Amino acid sequence: MTPSLVWGNMLHEVMQMCFGDGDWSEKGVDEKIGGVVSKGLEDLLSINVSVEQAKREVKIRAKGLKTFSERYIAQEPKPEAVLSNTRQQQGQKTLLAIPQLLDVEEDIWSPSYGLKGKLDASVQAVISETDTTPNPFTIASRKPNVSQSESLTMPFEIKTGRAVAGMEHRAQTMLYTLLMSERYKTDVPSGLLYYTQSDEVIRVPAARNEIRALVIARNRMAAYMMRRTRSKTWRHRSHENTQAIHVDAREEVNIEAEPFLPSTIDDARICGKCYVLDTCMLYRKAVEGVIDDHSDIADMYALKTSHLTPTQTTFFKKWEALISMEEQDLIKFRKEIWTMGAEEREEKGRCFANMVLDVEYQYNPNTPQSTSKREGKIHQFTYRFIKANSEDTTLLNGHMSVGDAVTVSIEPDLLALARGFIVQLTPHQVVLGVDHLVDLQSVRRRNWLSSEALVIFRIDKDELSGGMGRIRDNLAQLFYAEGDTKRRELVVDLKPPTFIDFDGPVVSKNEPVAKTISKLNTNQQLAIRKVLSAQDYALVLGMPGTGKTTVIAALIRVLVAMGKTVLLTSYTHSAVDTILRKLKDDADFGILRLGNLDKIHPDMHQFTLSSLGAATSIEQLEHRVMTPSVVATTCLTIDHALFSRRHFDYCIVDEASQVTLPTCLGPLRFADRFVLVGDHFQLPPLVRNRDARKGGMDVSLFRRLSDAHPAAVIDLTEQYRMNEDIMLLSNKLIYSDRLRCGSQEVAKQSLRIPNRGYLRKLHLGSSCDSNDCWLNRVLDERCKAVFVDTDGIPAHDSRVGDLVQNITEARLVGQVTEALLRCGIEQQQIGVISLYRQQIKLLSYLLEDWKDIEILTADRSQGRDKDCIIISMVKSNDLGQIGDLVKDWRRMNVTFTRARSKLIIFGSHKTLQAAPLLEEFFKLMDSKGWILSLPPNADQLHEGVSSRTLSKRSSDSGARDRLCLKDELRPPKRPRRSDISGDVLAKGRPILKDLFNEY
DNA sequence: TCTCTGCAGAGAGGA
């Protein structure tokens, strides 16, 4: 971020506002500048400039706006409204008037041209020629010499910097004519380029030969990118033929990334001024392996890269390749938005096709409005969409869930009309928070439709690949000449971390802190002491329930009491908020929570900038972001302006065993020392691409460092969560008895049922024998861990496209849950877990009326606990298909260890016992007599339970009226195999050369 | 064998 960038940004916005309201008066412009500047405080913060100065700077640059408007904003061209044309011939004079604004900041994606762009303004302009001499423009538009006025649709590009029309500006404007002609379905023979410094408007003809050259250049660049992604050169040196199996063979995997970029320009003058020089030279050295002692830029090259050792360049090369592999899996989905019809993609579960805007919907947010760009710039408007034909299938079948990023489009040409994410999802409607106004009338106008025409939208899951760019940057930051040398040595070279002697117990003069510490057990106190003695980093391995959160919270208190600042991060929002919850009530220091408001837990909104209202001065904002001792955010959200100004004493990364190495690196460079907290017996980082996984991308930094330096690790083994029955499972199956109960109280706890009367009532006049009733037995206080075997019913799983669900099991879970609640258990005490997303959606719908019951996937449940956990294992079939998810013992470990007093697992004994880990699990459960086999029709025995759920639902209003479980939970449509051949992809649209999509 | 997490991002000038 540089000042001129910021002023440019702001001036753009001011001018766009003037275009919008037609008020170009000095007063009007001043007011707009005031508004824009106070909205952009975050930018001012990062360049360290006051509001007053910013206003002055923008004002100077906005001086010409008045003249511009007087000259050009008119119905017909005025004599002084000169339009320059760099290709103009002698004696020619062209005049311009802009009578109408069509749009500002229009986002246009064009699959036909393989281009995207964001237009400063789209205008309807009148152009008159006062000379009839032929010129390139008239030739380009193939029109005869014109002397009269002509009304044209044109892109209007604003340039606030250098006052000369550079090649890039012309090229950009020319490509915009291409995009615009497609979106407006009309000829766009030229574009407008306005330079604020010189008050000049230049006409850029869409010259055919130049556009052709640009598209060729675009394709060449795309070819380079594709060559890399298609490259078969990432070979893994196979160990299959060798006898020597290393403990961690992945370290031996050799990844060969071929050079994939155009060769460097090697021009000292050009390269010396280039803003990507550091990155360019790093790739030249590490990936391309260029040896250069003679070229024009040899000195520059040496300056930027001679500090790198072979180990370091190899490390960079390897991780760069891993990131690229992983990126492939994202690009794969991403290109579908460009090439696949809505219905086809809906079948794959990544699109809602045939949607219409629900015009009656009014959004009523109960969260505070965001005040800063970062906290929800994307959530500007809220809309509800419903299926055009209401009898269509439910929206719950598919890969799209609340929180997912989406794009809203109208086929064929209005792609990505708005972008945003899912706020709410029910079977028949979806609520979106988006960045652009969705106005039906303007859409109809745009598509030449009548004012009554039905507008059909498609809502696509958007695979944001932006995260990849960030982690690439994280990685590169380690290797730059001016980069993070300390982390380079520790992470790449595995330099041993140093610890100073730290004698005696941890004491603090601060009384509350002393009290906090005294409450910790010996183990936990050791962990704190380890951190305090660490000069570089410390690793805390916390087994389930051992109080990782407590230790982190205590650690933060101790550090802050010592006058230290702390950057607290984790990969997920929920983990960050879990720790803040511990600090929430009695922290006597400042806490700032950064991130998307819609994703931050409502209880933590008090720590966000929004909760304070809009800042009125830069000093106020500065105070708010620079002074809090603790800043909390996710690993990926480290692009807030404050990071360009602040440096912390400590960075704590929670759940570090779940974060990939380059992601984890991100926050570390903003602090002197770091603390990683995790447990590699729980879930590893999620890596989609198989090759990337094989190459070792799922080895977290936590794992890398703890393997290399066991002395830096401190174990937390005393757990305070599970009673001894529940702990037994994890201890026998995973931790080899290392886990201990922290107290007798914990070991013996059980879920107390306040009111068993409900169960008696349920069985009055029921066919179910209450003495032997499965519900009765499951709810018994002595029953602390139980596997409820559904084989007797049976409860088969079913598929929805790629997804798996189990309807009967969902209903059983519903019944137990309702029984628990009616017996007096609080909603907050219950958590429901399944490994499968589709099952989660089903359960969420069934248990919709109890908002405080948490329903989580196994992966999301990590770090959480509840008094009573109900697990739905889902897989139940005669083919013995168990799926990979169950086979990962780390995932099973997580799900089993979430419960404090009662663990109820529903599943098919027969199906699941085929998994080795579960086989042992069943042996153990059996030996303890903890397996309960359900009788046939167990799901039908307690009609009172389930029908109540249903009747309650059907009394609700709206689309849900039409629903009943049978309908809602009906078996899925079998997905049709799509026949992809090149020419059907773009529905007849011309793809010039769609290299990027490989077709 | 089908699952899990986050992330806005093209363009704002430079010369």
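So you know, we letter chains A, B, ... as the sequences are listed, proteins then strands, and number each from 1. This structure is a prediction, so every number in the text was calculated from the model and none was measured.
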Give A:Gly403 one of three labels, base, sugar-phosphate or nothing, depending on what nucleic acid heavy atoms sit under 4.0 Å from its own. nothing
Regarding A:Lys118, tell me which of base, sugar-phosphate or nothing describes its non-hydrogen contacts under 4.0 Å with the strands shown. base
With no hydrogens and no angle check, do the side chains of A:Ser110 and A:Arg183 hold a donor and an acceptor under 3.5 Å apart? no
Using a cut-off of strictly less than 4.0 Å, decide whether A:Arg837 has a side-chain nitrogen or oxygen near OP1 or OP2 of B:dC4. yes
A:Tyr571 OH - B:dC4 P separation (whole Å): 14 Å
Can a side chain N or O of A:Thr663 be found less than 4.0 Å away from OP1 or OP2 on B:dG6? no
Between A:Arg703 and A:Asp698, is a salt bridge (charged side-chain N to carboxylate O under 4.0 Å, His left out) present by the stated rule, with each step listed? CA-CA 9 Å; A:Arg703 176 88 190 271; A:Asp698 65 349; over 6 Å; no
In whole angstroms, the gap separating P of B:dG13 from CG of A:Asp120 amounts to 8 Å
A:Phe681 vs A:Trp889 aromatic rings, parallel, tilted or perpendicular, using cut-offs 30° and 60°? tilted
Taking OP1 and OP2 of B:dC7, is either one under 4.0 Å from a side-chain nitrogen or oxygen of A:Thr637? yes
Can you tell me which nucleotide in B:dT3, B:dG6, B:dA8 comes closest to the side chain of A:Tyr836? B:dT3
Taking CD1 from A:Ile882 and P from B:dT3, how many angstroms apart are they, rounded to a whole number? 15 Å
With a 4.0 Å cut-off on heavy atoms, is A:Leu835 in touch with a base, just the backbone sugar-phosphate, or nothing at all? sugar-phosphate
Return one dot-bracket line describing DNA chain B 5' to 3' (Watson-Crick or G-U wobble pairs, both distances under 3.5 Å; ( ) same strand, [ ] crossing, | another strand, . none). ...............
Side chain of A:Asp639, heavy atoms from C-beta onward: which of B:dA8, B:dA12, B:dC4 has the nearest atom to it? B:dA8
Check whether any side-chain heavy atom of A:Thr633 sits under 4.5 Å from a side-chain heavy atom of A:His640, and report yes or no. no
Whole angstrom value for the distance that separates C1' of B:dG14 from CD of A:Gln197: 13 Å
Does B:dG11 have OP1 or OP2 sitting under 4.0 Å from an N or O in the side chain of A:Tyr176? yes
